Amino acid sequence: MYKKHKNLVFTAGTFLLSYGLWAICILGQRLDWFPQGSAWFMPFYILGGNVPPIVAYFIRKRTEDGFTFKKFVKDAFALKQKPSHYALTLVMVALFYAVGAVMGGIQSETSPGLEERGVSGYIPLYLTLIGFPLFFFGGGSEELGWRGVLQPGLEKKLPFIPATVITAVVWTFWHLPLWWINGSGQ
């Protein structure tokens, strides 16, 4: 079943698990069980965002002969593009933060109640730079599922452009619950 319906199992599993974890975050915030950023909130929020690579790993483990965690990590961090492409990405990220720094700091969304406690909503630039590697675990790893399982599976049946558009649309819908979570980047 997994090999024949790999994309369906990946997509359904990812949506069910992520939406379930994010529903806990949404309910927890609405019912004041735990505020955004608390020790109870963050595991559900981060795990929900990292469901795509987790599901991708288990599906690949079930459908590819000789697939190991070492191969998964190697595939995830393989330099598949020209070094100039990576340099351009780093330059764009640096420009993104540089503009904010020149304008007075990087502004973040302030959760309700933080302003009363003296939190301004601005993040010092040094904290952004220190936290940069954590961006991978806060959302950057989701590519391992969507572009590592769903899109290649679609490309076996469809040309590149339609497969990419379908992946983008599905990926967009996957992000919808984040709009109801206070403090998310949406």
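Keep in mind the model is a prediction, meaning the values are calculated, not measured. All values below were derived from every heavy atom in this structure, side-chain atoms included, with hydrogens, water molecules and symmetry-related copies excluded.
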> Any chance you could measure Thr164, atom OG1, to Leu158, atom CG, to the nearest 0.5 Å?
10.0 Å
> Would you say that Trp180 contacts Arg30 through its side chain, given a criterion of any heavy-atom pair below 4.5 Å between the two side chains?
yes
> Quick one: do Leu8 and Val55 end up in the same hydrophobic cluster if we chain Ile, Leu, Val, Met, Phe, Trp and Tyr together by side-chain heavy atoms under 4.5 Å apart?
no
> Just say parallel, tilted or perpendicular for the rings of Tyr57 and Phe67, cut-offs at 30° and 60°.
tilted
> Can you name the closest pair of heavy atoms from Thr14 and Pro52 and give their distance?
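Answer, listing the atom of Thr14 first, then Pro52: CG2-CG, 3.7 Å.
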> Closest approach of Ala56 and Leu144, non-hydrogen atoms and distance?
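Closest heavy-atom pair between Ala56 and Leu144: CB-O, 3.8 Å.
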> Under the criterion side-chain hydrogen bond (donor to acceptor under 3.5 Å, both in side chains), I'd like the reasoning laid out for Ser18 against Trp174: C-alpha separation, chi angles, the key distance, then a yes or no.
CA-CA 8 Å; Ser18 291; Trp174 175 75; 3.0 Å; yes
> Side chains of Ile54 and Leu47: closer than 4.5 Å at any heavy-atom pair?
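Of all side-chain heavy-atom pairs linking Leu47 with Ile54, at least one is under 4.5 Å.
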> Nearest heavy-atom pair of Gln29 and Asn182: which atoms, and what distance?
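Minimum heavy-atom separation between Gln29 and Asn182: OE1-N, 2.8 Å.
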> Do Val51 and Trp22 have side chains that get closer than 4.5 Å, going by heavy atoms?
no
> As an exercise, state the distance from OH of Tyr45 to CG of Asn50, rounded to the nearest 0.5 Å.
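Here the interatomic distance stands at 11.0 Å.
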> How close do Lys61 and Thr68 get, counting heavy atoms only, and between which atoms?
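Smallest heavy-atom distance, with atoms named: NZ-CA, 4.5 Å.
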> Would you mind reporting whether Trp146 and Gln151 have side-chain heavy atoms less than 4.5 Å apart?
no
> If I take atom CD1 from residue Ile161 and atom CD1 from residue Ile166, how far apart are they, to the nearest 0.5 angstrom?
11.5 Å
> For the NZ atom of Lys6 and the CZ atom of Arg60, what is their distance to the nearest 0.5 Å?
6.5 Å
> Please answer: with hydrophobic residues joined when any side-chain heavy atoms are less than 4.5 Å apart, are Leu16 and Val9 in the same cluster?
no
> Do the side-chain N and O atoms of Trp171 and Glu142 include a donor-acceptor pair separated by under 3.5 angstrom?
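A donor-acceptor contact under 3.5 Å links the two side chains.
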> Testing the basics here: between Ala168 and Thr172, what is the closest heavy-atom pair and its distance to 0.1 Å?
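Looking at all heavy atoms of both residues, the shortest contact is O-OG1, 2.7 Å.
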> Applying the side-chain contact (heavy atoms from CB on, under 4.5 Å) criterion to Cys25, which one of Phe41, Trp40, Trp33 satisfies it?
Phe41
> Measure the CZ-OG1 distance between Phe173 and Thr11 for me, rounded to the nearest 0.5 Å.
13.0 Å
> Of all the heavy-atom pairs spanning Pro43 and Ala39, show the shortest one and how long it is.
CD-O, 3.1 Å
